[in-house]
Structure formats: C-alpha cells, structure tokens
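Single-structure report; data block below.
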Amino acid sequence: MHHVLPQAFFDRPTVEVARDLLGKNLVRVVGRERIALPITEVEAYDGFKDKASHAHKGATARNVVMFGEAGYWYVYLVYGMHWMLNIVTGPRDYPAAILMRSAGGVIGPGRLTKHFLIDKTNNGVKSVLTEGLFIEESGIMVSPREIVKTPRIGVAYAGPVWSQKPYRFVWKRR
DNA sequence: GCAGTGATCATA
DNA sequence: ATGATCACTGCC
C-alpha cells in the first residue's frame with residue numbers, strides 16, 4: 001500500500017490520467033495524522049485550447065504551475081473561501097491539470113480541501129517526493145463499467161463546445 | 001434560490 | 001487604482 005504514484009504516472013495525456021486516478025488513494029500526512037481516501041471524482045483541464053482552463057489565456061502568476069512539469073500540486077482559491085486541489089499533468093510548457101473533486105464520502109472540491117487540510121502552502125509542491133500530500137496505489141480495481149463521464153461542473157463561461165466536453169469522471173461502485 | 005468572500009486579472 | 005469575475009458552499 002506504500003506505492004506512491006511516480007511522476008511518470010502524471011506525465012501522460014490529461015484525460016487518461018484523470019480516468020486512471022479514480023480509485024487511487026489521496027493521502028495527507030500532517031504530524032501524526034494520516035488521512036487517506038480513494039478518489040471518486042475528477043475533472044481534466046487540457047491545454048491552451050481548453051477554454052474552461054485557467055491556462056487558456058496564457059501563463060499568469062496564479063497558473064504558472066500548470067505550465068511546469070507533471071506531478072506538482074496546483075492549488076488556488078475561488079470565491080474568496082474555497083481551495084481547489086489539482087495535480088499537473090503532461091510535459092513542461094503544456095498546461096494541463098486535474099481537479100480533485102471528491103474522495104471517499106467527501107463530495108465537492110472545496111469540502112475535499114477542507115477535509116484534507118489543504119491551502120496555498122501546498123501550491124507548487126511536488127507530489128511524488130513530499131511526505132505531506134501525495135497519491136498512492138490503493139489496490140482497488142476500477143472497472144471501466146463503473147466510470148461515468150460527464151461535462152465539467154461550473155464552467156459555463158467556456159462556451160457551448162468546451163463546457164460540454166466530457167472531461168469529468170466519476171467512479172460509481174457497482 | 002442566492003449571499004458570502006477575497007485573490008486575481010484586465011483595464012486604465 | 002478600480003471593478004468584474006470566479007473549476008463553490010451553505011443556508012434561505
């Protein structure tokens with residue numbers, strides 16, 4: 001159970017990685033506390049052309065991490081109160097990341113970061129080497145039959161085409 | 001259904 | 001410097 005996902009796992013096409021993350025354990029270690037839950041809902045944000053992505057209009061102070069190497073955490077604040085947790089995917093200079101939306105019974109990206117004690121201090125940190133926050137193998141096999149694809153949530157601003165892309169993946173146990 | 005909340009970014 | 005926006009949540 002101590003198989004931390006290596007950087008190579010994340011250095012692949014974003015949508016593939018998103019699907020493969022379902023059922024893997026999101027792990028947080030703070031002091032003596034260890035929180036680990038299987039990932040159940042994610043969303044892919046894929047490249048410059050993706051109008052729903054922060055990276056669509058180019059690099060800014062906030063989104064630079066998305067332009068870096070795979071396997072780094074991209075954490076930002078929305079609506080002045082909710083931290084969003086993403087993992088960067090694909091090669092350097094290709095901006096892509098996956099939003100962690102739910103794990104175990106913790107539903108919703110803002111609730112997830114609250115539960116896992118995540119904030120801006122996790123931004124820009126490499127997931128594979130850090131003791132504090134990483135993803136590991138769970139041993140759970142997720143069958144393709146258990147994966148539901150839908151459009152992403154809360155991205156109407158991206159227009160009819162990009163807001164409808166089936167880049168959200170939910171693991172429904174059967 | 002909609003207010004809360006504040007960083008971020010474009011515009012100037 | 002200012003104002004609109006926001007990969008959301010919780011309470012009405």
Side-chain angles (χ1 to χ4, degrees), chain A residues 5 9-24 26 28 35 37-127 133-135 147-172:
Chain A
L5 299 185
F9 180 93
F10 302 103
D11 191 5
R12 296 184 293 142
T14 312
V15 169
E16 266 179 46
V17 179
R19 245 186 354 238
D20 293 350
L21 278 176
L22 296 175
K24 301 289 189 293
L26 178 62
R28 182 79 171 117
I35 309 161
L37 291 172
I39 295 166
T40 54
E41 181 189 2
V42 295
E43 282 177 0
Y45 288 84
D46 188 20
F48 306 93
K49 60 186 187 306
D50 182 354
K51 290 189 177 177
S53 171
H54 287 167
H56 176 240
K57 292 174 184 167
T60 66
R62 177 176 67 167
N63 69 18
V64 265
V65 183
M66 289 185 76
F67 290 76
E69 286 173 37
Y72 284 72
W73 297 111
Y74 170 43
V75 180
Y76 66 91
L77 190 67
V78 272
Y79 295 105
M81 35 187 146
H82 309 296
W83 295 104
M84 299 289 105
L85 175 65
N86 301 253
I87 188 92
V88 174
T89 58
R92 173 171 285 287
D93 294 328
Y94 183 83
I98 296 163
L99 173 66
M100 309 286 150
R101 295 191 59 94
S102 305
V106 184
I107 316 283
R111 292 177 189 148
L112 183 107
T113 53
K114 191 175 177 191
H115 184 86
F116 280 83
L117 310 172
I118 285 153
D119 62 22
K120 65 181 173 202
T121 62
N122 297 283
N123 187 46
V125 175
K126 192 172 186 173
S127 71
L133 182 63
F134 54 88
I135 302 172
I147 299 176
V148 177
K149 280 196 296 189
T150 82
R152 293 168 290 185
I153 306 295
V155 296
Y157 60 84
V161 175
W162 287 95
S163 67
Q164 288 310 116
K165 292 276 182 188
Y167 284 179
R168 173 171 173 257
F169 298 90
V170 186
W171 175 29
K172 306 272 190 196

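Computed over heavy atoms, backbone and side chain alike; hydrogens, waters and symmetry mates excluded.
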Could you tell me whether A/Met84 contacts a base, only the sugar-phosphate backbone, or nothing, with contacts defined as non-hydrogen atoms closer than 4.0 Å?
-> sugar-phosphate
Partner of C/dT5 by Watson-Crick or G-U wobble geometry, both contacts under 3.5 Å, or none?
-> B/dA7
Any A/Arg101 side-chain N or O less than 4.0 Å from OP1/OP2 of C/dC8 | yes
State whether A/Phe9 and A/Arg12 meet the cation-pi test: NZ (Lys) or CZ (Arg) under 6.0 Å from the six-membered ring centroid, and within 45° of the perpendicular axis.
-> yes
Atom CH2 of A/Trp73 and atom P of C/dA7 are separated, to the nearest Å, by 19 Å
Is the ring centre of A/Tyr45 under 5.5 Å from the base ring centre of C/dA7, and are the two planes under 30° apart, so that they stack?
-> yes
Side-chain donor/acceptor contact of A/Tyr76 with base of B/dA7 under 3.5 Å = no
Would one find a side-chain N or O of A/His82 under 4.0 angstrom from OP1 or OP2 of B/dT5?
-> no
If only atom types and distance count, is the side chain of A/Asn86 paired as donor or acceptor with the main-chain N or O of A/Tyr74 below 3.5 Å?
-> yes
Between A/Tyr79 (OH) and C/dT5 (C1'), how many Å, whole number?
-> 8 Å
Rounded to the Å, how far apart are A/Tyr74 OH and C/dA7 C1'?
-> 9 Å
Sugar-phosphate only, base, or nothing, as touched by A/Arg62 at under 4.0 Å among non-hydrogen atoms = sugar-phosphate
Please confirm whether the backbone N or O of A/Asp119 pairs with a side-chain atom of A/Asn122, one donor and one acceptor, at under 3.5 Å?
-> yes
Whole-Å distance separating the NZ atom of A/Lys114 from the P atom of B/dT5 | 14 Å
Taking CD1 from A/Ile107 and C1' from C/dA7, how many angstroms apart are they, rounded to a whole number?
-> 17 Å
Please confirm whether A/Arg28 makes a cation-pi placement over A/Phe134, using NZ or CZ under 6.0 Å from the six-membered ring centre and within 45° of the ring normal.
-> no
Establish, yes or no, whether the cationic atom of A/Arg62 lies under 6.0 Å from the six-membered ring centre of A/Tyr76 and within 45° of the ring axis.
-> yes
Is A/Tyr157 near enough to C/dA7 that one of its side-chain N or O atoms lies under 4.0 angstrom from OP1 or OP2?
-> yes
Interatomic distance, A/Arg152 CZ vs C/dC6 P [rounded to whole Å] | 14 Å
